[in-house]
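A short worksheet on the structure shown next.
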Amino acid sequence: MYTKNQFQLLKDFADKNDALFDLGITTTDSFTGEIGEFIACQHFKLHKSGRSNKAVDGIAPNGERYQIKSKVVSTSSFSHTISNLQPDLFDKLVLVYFDIHYNLLKMLVIPVSEIPESVFRITKSNISKFESIDRVKMPLKFQKALTDFAKSFTALQENGIIRSRRIVGDIGEFYACKKLDLIISENQTEKGIDARHPNGLTFEVKTRWVYESDRRISEVRRLNNLVGKTADYLIVVTLDRCFECSGMWIIPMKNIANPKSASLKIINSTPGVKNIIPSKISWLQNRESFQGFDTVISKRQTNKTIAKRRPRPVKPKQVPLPLIPVEENNEISIEQIIIAAVLIALGLLVAVII
DNA sequence: GGTTTTGAAACGGACAGGCC
DNA sequence: GGCCTGTCCGTTTCAAAACC
């Protein structure tokens with residue numbers, strides 16, 4: 001589906017992403033936040049907290065607790081709102097700003113005394129109040145790994161492979177749309193619908209990057225937050241380490257038993273699942289092969305879902321404007337004919353006299 | 001028209017409890 | 001004990017609405 005060159009760029013990104021992991025710069029796939037944490041830890045000589053340490057990302061040699069947040073900015077504005085802060089649990093908040101190529105723009109250091117509640121805002125009016133750092137020293141190998149990663153990421157954007165920073169989701173949507181001739185939603189945050197088919201069916205696409213990696217402690221993978229999704233079908237896409245599609249399934253949304261927190265393994269057990277691309281993952285089974293939408297649509301119709309079709313709009317009848325008030329029964333009496341005849345005769349007589 | 005706010009989206013992890 | 005599920009939390013990004 002991708003060209004050879006595009007696959008090479010994706011493989012290169014996977015390599016550069018792994019390089020960050022191997023160097024300890026990142027520990028998960030949330031690379032923006034992790035790169036920011038790494039840079040702040042380098043600068044302030046922090047001891048980085050574990051994966052799930054509430055509100056504290058690093059601890060300084062003097063015991064100060066740091067909360068670190070990162071943001072990629074594409075405009076000149078540094079305005080930012082951070083919510084759900086717990087100022088009683090840390091001493092300093094560090095905001096790390098990157099440009100779109102992951103070059104450090106600045107780091108802001110905000111003492112907790114400036115954060116009275118759980119929401120904190122950086123605006124034009126207050127940004128100058130805080131200590132700003134725009135250069136961080138770090139060993140050359142780290143610098144090079146970050147530069148290489150940023151270049152590789154930028155190449156994905158420049159070659160039209162991804163349209164946002166959600167790489168996994170973008171690629172999964174691309175595969176699903178290519179395979180099923182779907183039209184991707186222009187609005188990237190449209191609730192519950194990622195793509196549409198010209199036949200009117202709607203689709204939510206969920207993608208998981210499934211491969212052996214120390215990034216994940218557990219094998220359990222979830223398909224969270226499908227509650228309220230209005231799409232007709234869920235398409236599950238799995239990607240291997242180099243972002244090649246390692247499986248694709250289509251599931252009627254209404255058949256998903258636990259939409260709030262389904263396991264990825266629901267594709268093994270949910271009724272009506274069909275395989276679009278065979279599974280290369282041992283614990284995700286191949287199901288009945290998907291034969292195209294004709295089959296799906298005919299099943300929809302036999303399931304009486306056809307009754308849910310929107311009623312065809314009724315064209316209003318054109319009613320002529322009444323020029324003369326008429327009686328409800330629309331019948332003309334003999335008296336009316338006589339009166340009309342007399343009036344016409346009188347009119348003709350007047351015309352002759354004149 | 002630029003800035004700020006808000007809500008929805010994405011992916012992932014931890015923990016508790018039930019079941020076998 | 002191991003597995004699975006439910007729930008809640010963590011992270012950042014995007015875009016529309018609201019505001020100035």
Side-chain angles (χ1 to χ4, degrees), chain A residues 17 21 26-38 40 48-57 67-86 89-90 93-98 100 102 118-127 153 157 162-173 184-195 204-211 213-231 234 236-239 243 256-266 268-270 283:
Chain A
N17 193 30
F21 180 78
T26 59
T27 56
T28 70
D29 293 324
S30 300
F31 45 81
T32 301
E34 298 237 4
I35 293 170
E37 283 184 17
F38 177 80
K48 198 168 181 245
S49 305
R51 289 171 189 242
S52 182
N53 199 332
K54 209 171 182 180
V56 178
D57 296 311
Q67 166 76 278
I68 303 158
K69 302 282 182 185
S70 307
K71 183 175 169 65
V72 174
V73 292
S74 53
T75 65
S76 58
S77 170
F78 290 93
S79 295
H80 191 23
T81 303
I82 304 135
S83 50
N84 300 321
L85 289 168
Q86 292 184 274
L89 297 181
F90 61 87
L93 170 66
V94 176
L95 300 184
V96 186
Y97 289 93
F98 297 108
I100 57 170
Y102 285 96
S118 63
V119 177
F120 180 74
R121 295 190 175 93
I122 285 288
T123 63
K124 268 191 166 180
S125 59
N126 69 358
I127 193 167
F153 181 81
Q157 290 182 311
I162 53 175
R163 62 171 181 165
S164 72
R165 237 167 289 277
R166 298 167 191 149
I167 293 178
V168 173
D170 276 1
I171 294 173
E173 285 179 11
I184 200 161
S185 294
E186 281 298 316
N187 180 350
Q188 291 184 45
T189 55
E190 183 174 7
K191 187 173 167 63
I193 295 170
D194 290 330
E204 167 77 15
V205 183
K206 289 277 185 186
T207 311
R208 291 293 180 266
W209 201 7
V210 183
Y211 67 100
S213 169
D214 291 339
R215 287 173 172 82
R216 295 169 196 99
I217 295 167
S218 160
E219 243 201 18
V220 176
R221 307 299 292 277
R222 312 298 283 267
L223 297 167
N224 291 333
N225 300 321
L226 292 168
V227 173
K229 302 282 184 180
T230 54
L234 171 68
V236 177
V237 183
T238 57
L239 307 176
F243 299 97
I256 295 171
N258 173 23
K260 185 159 189 180
S261 185
S263 164
L264 186 54
K265 288 183 181 174
I266 61 167
N268 295 337
S269 54
T270 304
W283 48 276

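For clarity, every value in this text was computed on a predicted model and none was experimentally measured. Throughout, protein chains are lettered first and strands after them, A, B, ... in sequence-line order, and every chain is numbered starting at 1.
- Contact check, K69(A) against dT11(C): a side-chain N or O comes under 4.0 Å of OP1 or OP2.
- E173(A) and T207(A) make their closest contact through N-OG1, 4.2 Å (heavy atoms, listed as atom of the first residue, atom of the second, distance).
- Between the CZ atom of F38(A) and the P atom of dT12(C) there is a distance of 17 Å, given to the nearest Å.
- At whole-Å resolution of the value, CD1 in I122(A) and P in dT12(C) are 15 Å apart.
- Taking side-chain N and O atoms only, R208(A) has a distance below 4.0 Å to OP1 or OP2 of dG12(B).
- Rounded to whole Å, atom P of dG12(B) lies 10 Å from atom CG of L264(A).
- Between the CD atom of E37(A) and the C1' atom of dG10(C) there is a distance of 10 Å, rounded to whole Å.
- Look at Q67(A) and you'll find a side-chain N or O under 4.0 angstrom from OP1 or OP2 of dT11(C).
- Under the ring-ring contact (aromatic ring centres under 6.0 Å, His included) criterion, Y97(A) pairs with F78(A), sequence neighbours left out.
- Taking atom CG of residue L239(A) and atom C1' of nucleotide dG12(B), one finds them 15 Å apart after rounding to whole Å.
- The separation between K206(A) atom NZ and dA9(B) atom C1' is 8 Å, rounded to whole Å.
- Scanning both residues, L234(A) and K206(A), for their nearest heavy atoms gives CD1-CG, 3.6 Å.
- In this structure, the NZ atom of K71(A) is 9 Å from the C1' atom of dC14(C), given to the nearest Å.
- Computed from coordinates, the E173(A) CD to dT13(C) C1' distance equals 13 Å when rounded to whole Å.
- For the OP1/OP2 pair of dT13(C) and a distance below 4.0 Å, the side-chain nitrogens and oxygens of T32(A) include at least one atom meeting the criterion.
- No side-chain heavy atom of K71(A) sits under 4.5 Å from any side-chain heavy atom of L95(A).
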